[in-house]
Amino acid sequence: MVAKPAGIPEEIKHYINGEFVDSASGERFDILEPTTNSNYLTAPLGGQEEANAAVAAAKEAFDEGTWANMLPRARWKILNAIADEVEKINDELAQIESFDTGLPIRQARGQANRAAENFRFFADLIVANEDKAFSMPGRQLNYVNRKPHGVAILITPWNTPFMQESWKLAPALASGATVVLKPAEFTPVSASLWPGIMERAGVPKGVFNIVYGDGQTGDMLVTHPDAPLVSFTGSLATGKKIFERSAPYMKHLSLELGGKSPAIIFADADFEAALDSTLFGVFSLNGERCTASSRLLVERPIYDRFVEAYAERAKKIVVGPPSDPTSEIAALVHPEHYEKVTKYIEIGKSEGRLVAGGGRPAHLPEGNYVEATVFADVAPDARIFQEEIFGPVVAITPFDTEEEAIKLANDVEYGLAAYVWTNDIARAHNVSHQIESGMVWINSHNVRDLRTPFGGVKGSGLGHEGGYRSLDFYSVQQAIHVTLGEVHTTRFGATGYADNDLGLGGPSA
Ligand code: ADP
């Protein structure tokens, strides 16, 4: 087994009500290191007892009110203290994350700084936030009383785990929610850094809780009646289950699911820029990213040239150990995921023309390594065109007209992101507007502005987060209506009353 980096904990325990605890059942699950798939650590498998205890702790902390009722500026200070703590561990986190997830170390760097920025950003939003009041002069005043909603269950995936956790923790805590975090079972190690960070930053006991476990553990949290909110990022299949399982409780859901995002490259595009961006878009982070540009739709006049140039570059992408700074693709997260990705590559061999990669690199006989794999001439009904692979595999398809490009882009179950490459400004916007996706980047790779909406349509999710939308998800916006003048009520049971005040409201009421 390869040497563990400094900072990997000796043991992992749940964190419930400010205490580190094991599962009552004593059950634990294995954590594998993806270059050898050896088991290097275990984590406790949360059961019903831990789900109950964590939700009870979060509910008690919420009801007690210190966190929920804290003035925004006081919460701002704690959120910024969290960010300070997170920034301090930037190097250590990169090592841990790269070791546990198999991400190339160069791409793991900076994750903590991005995570810290999430806390600073939402801290700033809550002190700047304003809610509306609606006046009917002399008669009625209506205003929004924003208040935190309650206990939020945060269920997170295994790709860039710490950063994804921060993307939920920051707006939830900023809004005054108390939380139970359930990190993904493939990559729970970096999550074990949160309790120390929260304690050092001064987060009160019970506000932040963490329960490790698998899908069953997640389900116990999702179906807990005392937690009204669930924010989930993961696969479409699991998203559907969570939707169904939480329906009897009428939970408020934010679901960020998968993608099969197209990049449409018109013949007039900046060829080199499109090439660089679409290579990085699907092969960075081992292709394990929900917004990956995993389908390239290329206009016929440049199709052959693009496929050839793309394949040439893909063949030169360096696959190597996560710890090696020259690695551009490293090891996929887990052998189960490796199986899934390599199965799709085999399917692809009968669905498209393999022009680069195609399996395990010869120089890496063990571990979850896959070459940058490119299929050209892929038909729109191919499985590798339709299904999310979540690995370093891309499908390229030609098109002849704008209409055809839009149809190809939309003809999948997902609708998360899209990328449009053209120098025709009107076409860039018109095509973008017709794409069924939550986000479009024009002549740009995936650069996130935290103020913009993040989320998908169709099979890619439910609800939009980002900026104030995230705060809205974790808050109740209660409408308060107050009469200022005389009360005009239709007088049931009295005689001779006028019918002109039926209480139906409206600005002219
Ligand atoms: P993937 O299929 O890519 O591994 P999942 O969507 O299964 O992704 O996992 C994302 C997160 O959802 C993980 O934390 C996982 O434990 C959790 N999870 C899986 N199944 C369920 C479920 N039925 N209810 C709640 N959480 C679940």
Side-chain angles (χ1 to χ4, degrees), residues 12 14 23 27-32 34 43-48 50-51 54-55 100-103 152-169 179-192 194 209-224 227 229-249 251 253-260 285-292 294 332-341 343-344 368 387-391 393 413-414 416 456 459-462:
I12 296 184
H14 306 297
S23 289
E27 278 188 88
R28 303 185 73 80
F29 62 93
D30 292 344
I31 307 170
L32 308 184
L45 182 71
Q48 196 63 57
E50 290 70 44
V55 174
D100 191 40
T101 65
L103 283 182
I153 304 298
L154 312 178
I155 300 180
T156 48
W158 45 257
N159 61 329
T160 60
F162 190 86
M163 212 287 293
Q164 296 263 13
E165 289 149 16
S166 74
W167 173 242
K168 296 194 188 301
L169 284 168
V179 304
V180 180
L181 172 67
K182 207 298 284 169
E185 60 270 42
F186 285 176
T187 56
V189 179
S190 57
S192 69
W194 287 117
N209 303 275
I210 180 163
V211 174
Y212 298 94
D214 57 11
Q216 273 187 316
T217 316
D219 182 66
M220 290 168 196
L221 293 165
V222 164
T223 54
H224 197 296
L229 298 164
V230 178
S231 179
F232 167 78
T233 300
S235 63
L236 171 58
T238 304
K240 285 180 181 173
K241 268 188 221 156
I242 290 178
F243 200 170
E244 188 185 338
R245 294 285 289 160
S246 57
Y249 306 92
K251 300 227 170 179
L253 298 179
S254 173
L255 304 178
E256 291 181 20
L257 309 177
K260 192 73 184 177
L285 304 177
N286 297 339
E288 298 164 324
R289 58 188 303 171
C290 52
T291 52
S294 51
L332 299 187
V333 68
H334 191 274
E336 271 173 34
H337 186 58
Y338 174 81
E339 288 299 317
K340 176 186 154 182
V341 172
K343 192 189 88 193
Y344 273 112
N368 308 322
E387 298 171 25
E388 185 178 43
I389 300 173
F390 220 65
V393 183
E413 194 176 13
Y414 295 101
L416 188 60
S460 290
L462 199 66

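A quick note: this is a predicted structure, and the numbers were derived from the prediction, not measured. One-based numbering, in listed order, for ligands and for the atoms of each.
- When hydrogens are left out, the protein atom nearest atom 12 (O) of ligand 1 is Phe232 CE1, 3.2 Å; that is the closest non-hydrogen contact.
- Closest approach of Val393 to Ile389, counting heavy atoms only: CG1-CD1, 3.9 Å.
- Between Phe186 and His334, the angle of the ring planes stays under 30°, which puts this pair in the parallel group of the 30/60° scheme.
- Nearest non-hydrogen protein atom to atom 11 (C) of ligand 1 is Thr156 O, 3.5 Å.
- Residue Ile155 has at least one heavy-atom neighbour below 4.0 Å for each of these atoms of ligand 1: 11 (C), 12 (O), 14 (O), 17 (C), 25 (C), 26 (N).
- Across the listed options Ser235, Pro157, Gly215, Gly213, Ser235 owns the non-hydrogen atom lying nearest to atom 8 (O) of ligand 1.
- Among all heavy-atom pairs drawn from Leu154 and Leu169, the shortest one is CD1-CD2, 3.6 Å.
- Of all protein heavy atoms, the one lying nearest to atom 15 (C) of ligand 1 is Glu185 OE1, 3.4 Å.
- Less than 4.0 angstrom separates some heavy atom of Lys182 from each of these atoms of ligand 1: 13 (C), 14 (O), 15 (C), 16 (O).
- Of all the atoms in ligand 1, the ones that sit under 4.0 Å from a non-hydrogen atom of Gly234 are 6 (O).
- Atoms of ligand 1 lying under 4.0 Å from any heavy atom of Trp158, numbered from 1 in the order shown and given with element: 1 (P), 3 (O), 4 (O).
- Using the six-membered ring where Trp is involved, Trp194 and Phe162 have ring planes that are parallel, under 30° apart on the 30 and 60° scheme.
- With contacts defined as side-chain heavy-atom distances shorter than 4.5 Å, the pair Asp214/Phe29 does not qualify.
- Residue, atom and distance of the protein heavy atom nearest to atom 5 (P) of ligand 1 are Thr238 OG1, 3.5 Å.
- A salt bridge is defined here as a Lys NZ or Arg NE, NH1 or NH2 lying under 4.0 Å from an Asp or Glu carboxylate O, and Lys240 with Glu413 meets this definition.
- Using a 4.5 Å heavy-atom threshold, the side chains of Thr233 and Thr156 count as separate.
- The part of Asp214 lying near ligand 1 is the backbone, judged by heavy-atom distances below 4.0 Å.
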